S.K.: 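First, the structure itself, so that you have it in front of you.
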Amino acid sequence: MSQTIDHVALLPAYLAAATALAVLLTDLFSRHPVPRIAVAGIGFAATAAAAVWLGTLPPRQTFCTDTGCSLVTGGPGAAIAATTALLGLAVLALSARPLLAGDAPPGEYAFLLACSVTGGVMLAYGRDLITLIVALETLTLPLYVLVAMRGGSRRGAVAAVNFLLVSVTAGAITLLGAALLYAVTGTLHLTGIAAALRGDTIPLTAVAVAVIITGVGFKLAAVPLHGWAPGSYDGAPLPIAAYLSTASKLGGVAVLLWLVTEAFPPVLHIAGPVLTVLAVATMSVGNLLALRQRRTVRLLAASSIAQAGYLLVPLAGLTALAGPPGTAATAATAVLVFALFYVMMEVAAFTGVIALRWPRADGGELGDLAGSLRAAPGPAVVLLLALAALAGLPPALAGLFAKITVVSSVAMAMPWLAVVVAVNAVVGLAYYLRFGVLLVRGRGTEPAPAGWPVTAVLALSVAALVIVGFAPQLLWRLASFG
Amino acid sequence: MTAVLIAVLALPAAGGVLAALGHRHRSAGWLATGFAAAGLLAAVFLPASRGDGPLWHRFDVAWAPAIGLRFDIGVDGISYPLIVLTALLTLLCCLHTMSETTRRPTALIGLLLAVEVGILGVFLAANIVAFFVFFEIVLLPMYAIIAFWGGPGRRAAAAKFALYTVLGSLLLLVGVYVVVSSTGTGDLVALAESGGGGMSPATQLVAFALLGVGFAVKSPLWPLHSWLPAAHTEAPTVGSVILAGVLLKMGTYGLIRVGLGVAPEGAHAAAPVLLVLAVAAIVVGGLICLAQRELKRLIAYSSVGHMGFVLLGIATLSGTGITAALYGNIAHGLITGLLFFLVGSIKQATGHGMLTELGGLRTTAPGLAGILGFAALASLGLPGLAGFWGEAFAVYATLAGDSTARAVAAAVAAAGAALAAAYLLRMIRRVNYGPPTAAVDGAAAALRVTPIRLALWGPLVAATVLLGVVPGLLLDGFTAAPFLEWVSR
């Protein structure tokens, strides 16, 4: 059977893959790091632009059979793909100085990053289990190496091995879930799975659903596959830690959203409770873990575990699904909106830390940042704003709206879950406040100037936070599953 | 005249931004104070060319429809006095900051104005989600004021304040979305007019419970008050004034505007609980005050008792009771604001807040002693001063319920008022009379009522007398508001 391929629908993925290839070629012909970084940067920008453009077109689909299509474009997909590419660009900018300083081989670094971004872009459009799992692995595999690329750090090697082991386990769990799901339904397309799951369910369905969700939870650093995050983030180069906590998580969010909105609508009564347990466990464990952290990046990592818990809450609310078909779409929109808010805060936070720590490659102890506000007001204010946003409090309105998004999605259906979120947010505030006060008190040592690319990311991330703080509706428009 | 409405919020916001940008310069502090003064002027002129609707003025634009959020602000006879009180106290605090020796005054003023914007927004909000957003704005600036300008135990006190408050406000958030999800609107006026937007009694009870606990933490209503004494004791003078004067009112105002407004049937179901909590707060607050040995702590705990009277008025759910509660709100803001200015000055001048270290103020600093005596008499509810009307009518409204339980509650509350007299007179006896202690004697110069201090305290004294003699100034505004009719039917 031959079929026509809609190459337009594949454009962002082509561009992301071409970026990787172009970096590889540049690496052959040029000895200087700048061209490689520049090529990757241009490639990421082009990928993002293509994703945005594709998002303005009516939805397209390709690689279709009678059970469904493997590749579908649309609004939320465009938001995920464009954000992933932009995050790649941001991480590249944050890595520019270390790469120029020879901390890591620039060609390999940019190539691996581009490969990972390609995986992330594919996740935004994939709609069958194989495409999604291959894309997930494409997103993850390059990160093993990138995590270890902190010049002369043993912590990096440990972090990479740790990450590898958990990731392989998670990959196996996800595959097992996919295999079980295939065994139950006999199809790989998500829409086909939904059709096959309608009617009576057998116990194996529940196992398949629970296993695949747990496996994907690894990318979000959701409990029980969360343990790798603090160590791996802390051992990785700071920009890669930022990537792990944003783009990599966004990939997990994408898979979860496609599963819930396309494949699982008939079995939300099974998926909902699984997600509820994951959400409650993840936010509680993450917050308690964060309370005892003494190292900056470990704190941010633990806090990002907690945030992953909040992120799952709207999906957990689907347990109480009363029947209206729009509910899954509403919950999915809420999750994606929260995820977009979250990546902005996280990029701002990590960029702040990078600027305050330069030229050191790690996040150090919390105490190392004491008194940053006087020593380096610019990055410190950004970091403070990001912390306020993560705590969900004004003046960071973006964070407040993120919190509102989560609570509003379940307040009516499951008030108790909203109250659990509330209690967790109180615990969260305790460590964000501790960190924030530390930055304000006293006078620390002034960091070296981190270079214009870091400053640019700093400025753009704050601008993004401020804009969505005053015009939050923008994100709903971007992320609508309608 | 929506321009005035917007100016009330925009002027302090602009002042706050200026102060933040120029936080190293004293002149920026004065400039920001000017903006606070202009904001007060705008607030005073709010009644000008008022419309006929339930709100005098209204400004309503969509903000984030997906979460039911509209930038919808308005003002009526119920919120107007609180808005003026907020603008007045903030201005006085700015002037206090600039006139006394304060560390980094401009930064402090920036934070005070940020707090003011949040509080004003709460009083102005006509959309329940916007109400919540403004409610949250207050938290971090107030935290910073306590944590960076406070006394020796400030860090723990500030953290306690923040954690308690955020728990309350998150429960509030859940309540807000129970309302928004089940009615499909966040319009506080429409919700109040329709008596809950068609929510079932059970849903209303859930909503009221969540909202009520949220507001109870802020007010703070016994037994959720334990953050308050620590925060007050450690906060700088201006922090205490704002905290007691207007920040607590966000809780009681919210309970009336949002709690009674959107979930009247829930409020009816919960009224007996509120009544018991109110009486308990009055008695417990009074008893704790009798045992206090620290001046600021004593005034702080007295707020628990006074807020008990406000809750008592609310719990009657009658027009008289709610009017009394609203009156008590304003009176407490003026009187306790004044008291915190006074004890703050005493503590700063003498370096002591313990009652045992103070005494003989009457001989050393007769002016200050006189004003302190006046404020204490006003606080204990002396007829003829502002504190009397709210508490007397709260008790009267409780009695008017024609049930034995309410008669008992009224009797206990009245006895609680006697406790207030006991602890305040005890405070006056300790601080004003007897031989001057070493601490007071050594600070005679710093305890003088300077012209600047007179200018700061004078408006509060004058307003206390004025509202005591002419209560109609406020009452007419309250009773003319359609909102009062909606919630008390």
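Lettering of chains follows the sequences in order, A, B, ..., and the numbering in each one begins at 1. Being a predicted model, the structure only gives us computed values, none of them experimental. For the numbers below, each heavy atom of this structure counts, side chains included, while hydrogens, waters and symmetry mates do not.
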S.K.: I want to check something: taking the side chain as every heavy atom from C-beta on, are B/Ile145 and B/Ile242 in contact at a cut-off of under 4.5 Å?
M.R.: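 No - every pair of side-chain heavy atoms lies 4.5 Å or more apart.
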S.K.: Can you name the nearest heavy-atom pair linking A/Ala355 to A/Leu458, along with the distance?
M.R.: CB-CD2, 4.3 Å
S.K.: Which atom pairs, one donor and one acceptor, sit under 3.5 Å between chain B and chain A?
M.R.:
unit_1	atom_1	unit_2	atom_2	d
B/Trp63	NE1	A/Phe470	O	2.7
B/Ala66	N	A/Gln473	OE1	3.2
B/Glu136	OE2	A/Lys403	NZ	3.0
B/Ala147	O	A/Arg441	NH2	3.1

S.K.: Using the side-chain contact (heavy atoms from CB on, under 4.5 Å) definition, which of the options A/Leu438, A/Val381, A/Leu383 pairs with A/Leu373?
M.R.: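 The side-chain contact (heavy atoms from CB on, under 4.5 Å) with A/Leu373 is passed solely by A/Val381 among A/Leu438, A/Val381, A/Leu383.
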S.K.: Begin with the C-alpha distance, continue with both residues' side-chain angles, and end with the deciding distance and a verdict on side-chain contact (heavy atoms from CB on, under 4.5 Å) for B/Ile119 and B/Thr90.
M.R.: CA-CA 10 Å; B/Ile119 300 175; B/Thr90 310; over 6 Å; no
S.K.: Name the region of B/Leu163, side chain, backbone, both or neither, that has any atom closer than 4.5 Å to a heavy atom of chain A.
M.R.: both
S.K.: Can you check whether anything in residues 6-21 of chain B gets within less than 4.5 Å of chain A, heavy-atom wise, and list it by number?
M.R.: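 Hits under 4.5 Å: none found.
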S.K.: Heavy atoms, side chains only, cut-off 4.5 Å: are B/Phe148 and B/Leu111 in contact?
M.R.: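 A side-chain contact is absent here, since even the closest heavy-atom pair is not under 4.5 Å.
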S.K.: When the ring planes of B/Phe131 and B/Phe215 are compared, do they come out parallel, tilted or perpendicular, using 30° and 60° as the limits?
M.R.: perpendicular
S.K.: Any non-hydrogen side-chain atom of A/Val421 less than 4.5 Å from a side-chain atom of B/Leu170?
M.R.: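 A/Val421 vs B/Leu170: side chains apart.
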S.K.: Less than 4.5 Å apart, any side-chain heavy atom of A/Val313 and any of A/Phe338?
M.R.: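 A side-chain contact under 4.5 Å is absent here.
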S.K.: Between A/Leu475 and A/Phe401, is there a side-chain heavy-atom distance shorter than 4.5 Å?
M.R.: no
S.K.: With a 4.5 Å cut-off on heavy-atom pairs, point out which of B/Val178, B/Leu171, B/Val206 contacts chain A the most.
M.R.: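 Option with the greatest count: B/Val178.
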S.K.: Counting C-beta onward and ignoring hydrogens, is there a side-chain heavy-atom pair between A/Val410 and A/Pro314 closer than 4.5 Å?
M.R.: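 Not in contact.
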S.K.: Could you look at B/Val133 and say if it's the side chain, the backbone, both or neither that has a heavy atom under 4.5 Å from chain A?
M.R.: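 Both parts, backbone and side chain.
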S.K.: Please classify the contact of A/Leu400 with chain B as side chain, backbone, both or neither, using a heavy-atom distance under 4.5 Å.
M.R.: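 For A/Leu400, the contact with chain B is made by the side chain alone.
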